[in-house]
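Letters go in sequence order (proteins before strands), and every chain restarts at 1. Computed from heavy atoms alone, side chains included, the values below leave out hydrogens, waters and symmetry copies.
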Amino acid sequence: MKKTILLFSGDLDKAFAAFIIANGALAMGDEVTMFFTFWGLNALRKPNPPSVAKKIVEKMFGWMMPRGADKLTLSKMHMAGMGTAMMKGVMKQKNVQSLPVLIKLAQENGAQLIACSMSMDVMGLHQEELLEGVEIGGVATFLGEADESNATLFI
Amino acid sequence: MEIRVNAKGLQCPGPLLQLSNAVKSAQAGDRVLIEVSDFGFKKDIDKWCKKTGNTLISLDEKDSILSAVVEVVRKA
């Protein structure tokens with residue numbers, strides 16, 4: 001059976017949950033489709049994107065938002081970066097895979113990652129700035145995938 | 001054939017992914033012996049077998065390590 005996960009949040013902890021569930025589902029033999037909209041799109045940004053011609057507002061969005069999975073921060077206890085750094089340290093020590101690794105694993109194991117075109121347009125993110133293999137779709141694609149799934153999560 | 005998988009030290013869902021990959025590359029009737037330190041695996045392995053149709057032969061616990069033996073079943 002298919003699972004569809006919509007990542008709306010750009011919080012590190014929530015993105016973690018989404019990718020743990022995705023990888024778990026893949027290990028259970030499920031198909032997985034993940035949608036990324038609004039703040040969730042930031043999880044898919046390349047850390048070193050190619051330069052893209054942008055309008056001023058798009059550039060500002062680009063600077064203000066976290067550039068990629070490794071730059072996301074905790075929804076609680078971020079504490080100007082200390083809390084997030086501490087959490088990452090503890091997770092590493094306890095051998096929890098990092099978010100970039102979980103994303104790579106999900107892709108390797110066949111998860112389909114789809115970025116919301118409207119959010120990309122609003123935030124001025126271009127396809128070249130997102131990870132390789134990420135597709136682009138709209139709400140109908142999400143709903144179509146949800147129809148084919150027996151569980152759909154909004155995170 | 002018995003395939004051994006060392007998933008000690010891996011956190012959820014690492015052991016499940018390792019098991020899934022081992023079973024994928026195995027033949028029907030093969031057994032996979034997986035060793036895991038993540039204690040959620042104790043409950044997870046039941047669900048995993050039920051869902052994927054493979055058979056859990058045994059599940060043992062010793063010195064905080066879980067050892068599970070799974071027989072690979074290929075659906076006709």
**Student:** If you count heavy-atom pairs under 4.5 Å between each of Leu16(B), Leu19(B), Asn21(B), Leu17(B) and chain A, which one has the most?
**Tutor:**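 The residue among Leu16(B), Leu19(B), Asn21(B), Leu17(B) with the greatest pair count is Leu17(B).
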**Student:** When the ring planes of Phe36(A) and Phe19(A) are compared, do they come out parallel, tilted or perpendicular, using 30° and 60° as the limits?
**Tutor:**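 Because their plane-to-plane angle is under 30°, the rings of Phe36(A) and Phe19(A) count as parallel.
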**Student:** Decide side chain to side chain donor-acceptor pair (under 3.5 Å) for Thr152(A) and Thr4(A); before the verdict, give the C-alpha distance in whole Å, the side-chain angles of both, and the deciding distance to 0.1 Å.
**Tutor:** CA-CA 5 Å; Thr152(A) 299; Thr4(A) 295; 4.6 Å; no
**Student:** I'd like to know if the side chain of Arg45(A) and the backbone of Met65(A) have a donor-acceptor N/O pair within less than 3.5 Å.
**Tutor:**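 Looks like yes, one N/O pair under 3.5 Å.
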**Student:** Among the options Met91(A), Gln97(A), Lys94(A), pick out the one with the most heavy-atom pairs lying under 4.5 Å from chain B.
**Tutor:**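 Max contact count across the listed options: Lys94(A).
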**Student:** Evaluate side chain to side chain donor-acceptor pair (under 3.5 Å) for Thr84(A) paired with Thr73(A), printing each intermediate quantity in order.
**Tutor:** CA-CA 6 Å; Thr84(A) 296; Thr73(A) 57; 5.1 Å; no
**Student:** Side chain from CB out, backbone as N, CA, C, O: work out which of these in Ile21(A) comes under 4.5 Å of a heavy atom of chain B, or both, or neither.
**Tutor:**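 Neither part, no heavy atoms under 4.5 Å.
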